[in-house]
Amino acid sequence: MDYNRYSKVITKKGSQPAAQAMLHAIGLTKKDFNKPFIGIASTGYEGNPCNMHLNELSIQIKNKIDRDEAVPLIFNTIGISDGISMGTSGMKYSLPSRDIIADSIESVVNGMSYDSLITVVGCDKNMPGALMAMIRLNRPSILVYGGTISAGCYKGKKLDVVSAFEAWGEKVAGKLSDDDYDNIISKACPGPGACGGMYTANTMSSAIEAMGMSLPYNSSNPATSQNKLNEKTKISKSIINLIKQDIKPSDILSKKSIENAVRLITILGGSTNAVLHILAICKTANIDFKIDDFQRISDETPFLANLKPSGKYLMEDLHEIGGVPAVMKFMMDNGLLHEDCLTVTGKTIKENLKNVESFDFNQDIIRPIDNPIKASGHIRILYGNLASEGSVAKITGKEGLVFKGKANVFNCEDDANDAIKSNSISKGDVIVIRYEGPVGGPGMPEMLKPTSAIMGAGLGNDVALITDGRFSGGTHGFVVGHISPEAAKGGVLALVKNGDEIVIDAEKNEINVNIDKKELEIRKKLWVKPDLKFKSGILYKYSKLVSSASSGCVTD
């Protein structure tokens, strides 16, 4: 078998002398021209703790690859920090960056004729973007997650990035001194690694490990741990094995592997962003998995993990009791896992988990099946006159299952934040933030700032928030996002007025505004479609191309 089936186009053809001359210029020899080229795509950059260590990790992985076997070559792609851009206009660029990452990795690997791919990723959109590129390329590939951040600490309390957002809400509500606020901000994020709870980064890394596209323990080994450093040897050997066995993403990803991923994140209480990203991954891989499949799996699967944001613990705590493989072993032992799925180890899930020890329940992080936090999953797909194409709620049970209240309407996130800051939100309100969808935002920004401020102000059990935007994995409370059709497309959300009664029912999986059809028709006739907010650049292109949230916000 030709292990260099793609690179030989430039290394072996006599008609490519310029290409070969340039490869000699980077230090390659004629002997190297017989070896497979491995592209190592780093999402490392200095501006974000999730990514600040990834360039160095990429170099370490490169240096562990046997140069007698292959030629490893590092290249870079972009990243946008959700935590830093949150609550600013920069957040509009976050979700579009997923598709830019996929496009750029695909472009480099195809354009440079690499035979294989390792992606080194950290923040939220890095992971699905990298996986989508791997699927498009369909060459032997491994995804490497840079790991979760260590917890911060102040006055004996563990902190993470959401602690900082919620501190702002406490300060605005007069519940936190300036000194305590400053200390929380300065101590919340102590170093490298992605946000520490079961937020989007840890949700997607866990999901991708369950899909079989990353090595066991990769998602739960903390960024600064010795275990994370030790991974580079396993990665270097595994990619060579994949090349020799010609195991590709299409051999690993299937509807069963996707179901494994969704069931795992249901047990762990993962981010609603997983709905967007997994739908996009399935679209790219031509896997028949739709938004309603999330509800099907949620109905069948208990929510068991006491992890932030709704719980107490962080990913580093899950690591201490065995990490994601221990959870998967628990799932397999209880008939909740398709154990025959192939993985990047070249082995099945069952084979990978053979020597993994099951955890006991003398711990408070994962509950037994017969004592769940919630008997069914936290992700709920709601339909109704407000969401005829669907919406996504994150209902852990702690916030209740039904909310009825009067609409308090805002046409952008900034206006809602100002209202919270000025104490203009009342108990019983359903805060409506609209024109923040994939087209209207554009880019479907996350609403962590208002939801965190609500929690910090002590209103978490007294108000609900609905939007055609999306939520950070750090969001908790009675929230519904991804409302489709979005307001900018003329969805019913655009027609809601202050004082309208809205009912959110997570038992019936419904979200409705109590307005009769005749009144809705009158409002629809009076509605004026807004102009696109951008007339050029990436956000203009994105708003013209992007599909609805209910199909994953894809641009192809």
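Start at 1 with the first residue, then count along the sequence. Remember, it's a predicted structure, so these values are computed and weren't measured experimentally. Because only heavy atoms are used, hydrogens play no part in the values below, and waters and symmetry mates are left out as well, while side chains stay in.
- The line from CG of L143 to CE of M211 is 10.0 Å long, rounded to the nearest 0.5 Å.
- Considering only heavy atoms from C-beta on, I466 comes within 4.5 Å of I483 through its side chain.
- Across S391 and I511, no two heavy atoms sit closer than the pair OG-CG2, 3.8 Å.
- Counting heavy atoms from C-beta on, the side chains of C195 and C123 never come closer than 4.5 Å.
- For H378 (side chain) and G270 (main-chain N/O), a donor-acceptor pair under 3.5 Å exists by modelled atom type.
- The closest side-chain heavy-atom distance from K312 to D317 is not below 4.5 Å.
- Applying the salt bridge (charged side-chain N to carboxylate O under 4.0 Å, His left out) test to R5 and every residue at least two apart in sequence or in another chain returns D246.
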With salt bridge (Lys or Arg N to Asp or Glu O under 4.0 Å) as the criterion, how do D293 and K290 come out once you've worked through the C-alpha distance, each side chain's angles and the decisive distance to 0.1 Å? CA-CA 5 Å; D293 287 306; K290 301 294 191 295; over 6 Å; no

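- Between L382 and A506, the shortest heavy-atom contact is CD2-CA, 4.4 Å.
- Between the side chains of N230 and Y217, no donor-acceptor pair is found at a separation under 3.5 Å.
- The ring of F289 has its center closer than 6.0 angstrom to the ring center of F294.
- The shortest side-chain heavy-atom distance between I365 and N306 does not fall under the 4.5 Å cut-off.
- Between the side chains of K308 and S310, no donor N or O sits under 3.5 Å from an acceptor N or O.
- Using a 4.0 Å cut-off between charged nitrogen and carboxylate oxygen, D160 and K158 do not count as a salt-bridge pair.
- Expressed to the nearest 0.5 Å, how far CD of Q60 lies from CD1 of I235 amounts to 10.0 Å.
- Across A102 and A133, no two heavy atoms sit closer than the pair O-CB, 3.5 Å.
- For the pair K92 (side chain) and G441 (backbone), a donor-acceptor distance under 3.5 Å is present.
- Residue pairs meeting the salt bridge (Lys or Arg N to Asp or Glu O under 4.0 Å) criterion with at least one member in residues 123-135, sequence neighbours excluded, are D82-K125, K125-E446.
- A donor-acceptor pair under 3.5 Å is formed between the side chain of N202 and the backbone N or O of G197.
- For M332, the CE atom counts as densely surrounded, since its 6.0 Å shell holds more than 12 non-hydrogen atoms of other residues, nucleotides or ligands.
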Quick one, K234 with S236, criterion side chain to side chain donor-acceptor pair (under 3.5 Å). Give me CA distance, side-chain angles, the key distance, then yes/no. CA-CA 6 Å; K234 296 176 183 177; S236 63; over 6 Å; no

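- Judged by distance alone, the side chain of K232 and the main-chain N or O of L229 form a donor-acceptor pair under 3.5 Å.
- Going from atom OG of S94 over to atom CG of N273 covers 8.0 Å, rounded to the nearest 0.5 Å.
- Under the 3.5 Å distance criterion, the side-chain polar atoms of Q295 are matched with a main-chain donor or acceptor of I381.
- For the pair K354 and E339, the salt-bridge criterion is not met [side-chain N within less than 4.0 Å of a carboxylate O].
- When the salt bridge (charged side-chain N to carboxylate O under 4.0 Å, His left out) test is applied to E300, the partners found at least two apart in sequence or on another chain are R263.
- The side-chain heavy atoms of L131 and M134, taken from C-beta on, include a pair separated by under 4.5 Å.
- Ion pair R136/D103 flagged as a salt bridge, since at least one NZ, NE, NH1 or NH2 atom sits closer than 4.0 Å to an Asp/Glu carboxylate oxygen.
- How far CD1 of I74 is from OG of S42: 7.0 Å, rounded to the nearest 0.5 Å.
- For the pair P442/V546, no side-chain contact is recorded, criterion being any heavy-atom separation below 4.5 Å from C-beta on.
- Applying side chain to side chain contact (heavy atoms under 4.5 Å, CB included) to I40 and the options L73, L117, V144, I65 leaves one that passes, I65.
- Note that the CD1 atom of I239 and the CD1 atom of I142 stand 4.5 Å from one another [nearest 0.5 Å].
- Judged as a ring pair (Phe, Tyr, Trp, His ring centres under 6.0 Å), the pairs with a partner in residues 322-346 (not counting sequence neighbours) are, in order, F330-F359, F330-F361.
- Not a single donor-acceptor pair under 3.5 Å links the side chain of S81 to the backbone N or O of N48.
- At a cut-off of 3.5 Å, with distance as the only test, no side-chain donor of T266 or S298 sits close to an acceptor on the other residue.
- Closest heavy-atom contact between V121 and A130: CG1-CB, 3.8 Å.
- At a threshold of 4.0 Å, the pair K248-D251 counts as salt-bridged, since one of the basic side-chain nitrogens sits closer than that to a carboxylate oxygen.
- A salt bridge links D299 with R380: at least one charged nitrogen is closer than 4.0 Å to a carboxylate oxygen.
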Would E259 and R296 count as a salt bridge (Lys or Arg N to Asp or Glu O under 4.0 Å) if you check the C-alpha gap in whole Å, the side-chain angles of each, and the deciding distance to 0.1 Å? CA-CA 10 Å; E259 287 180 343; R296 169 177 61 82; 2.9 Å; yes

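- With hydrogens and angles disregarded, no donor-acceptor distance shorter than 3.5 Å links the side chain of E486 to the backbone of G491.
- Between S388 and Y383, the closest heavy-atom pair is O-CD2, 3.6 Å.
- Using a 4.5 Å cut-off on side-chain heavy atoms (C-beta onward), I369 and L304 make contact.
- No side-chain donor-acceptor contact under 3.5 Å links N110 to the backbone of S107.
- Although no hydrogens or angles enter the test, the distance criterion places a donor-acceptor pair under 3.5 Å between the side chain of S484 and the main chain of H482.
- For the pair K256 and D340, the minimum side-chain heavy-atom distance is below 4.5 Å.
- Scanning for salt bridge (charged side-chain N to carboxylate O under 4.0 Å, His left out) contacts around D115 gives an empty result, with sequence neighbours left out.
- Remark: S85 OG to I80 CD1 distance equals 7.0 Å, nearest 0.5 Å.
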Using the rule given for side chain to side chain contact (heavy atoms under 4.5 Å, CB included), can you reason through E106 versus V109, listing the C-alpha separation, both sets of side-chain angles and the distance that settles it, and then say yes or no? CA-CA 5 Å; E106 177 194 0; V109 173; over 6 Å; no

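- Minimum heavy-atom separation, V439 to S543: CG2-O, 3.7 Å.
- With a 6.0 Å radius and a threshold of 12 heavy atoms from other residues, nucleotides or ligands, K350 has its NZ atom at or below the threshold.
- The closest side-chain donor-acceptor pair between T203 and S271, if any, does not fall under 3.5 angstrom.
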Test log, rule side chain to side chain contact (heavy atoms under 4.5 Å, CB included), inputs I38 and Y114: CA-CA 6 Å; I38 301 172; Y114 294 157; over 6 Å; no

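- With respect to K244 and E69, a salt bridge is recorded, a charged nitrogen being found less than 4.0 Å from a carboxylate O.
- In this structure, the side chain of T451 engages the main chain of M447 through a donor-acceptor pair within 3.5 Å.
- Every salt bridge (charged side-chain N to carboxylate O under 4.0 Å, His left out) that E231 has, sequence neighbours left out, goes to K228.
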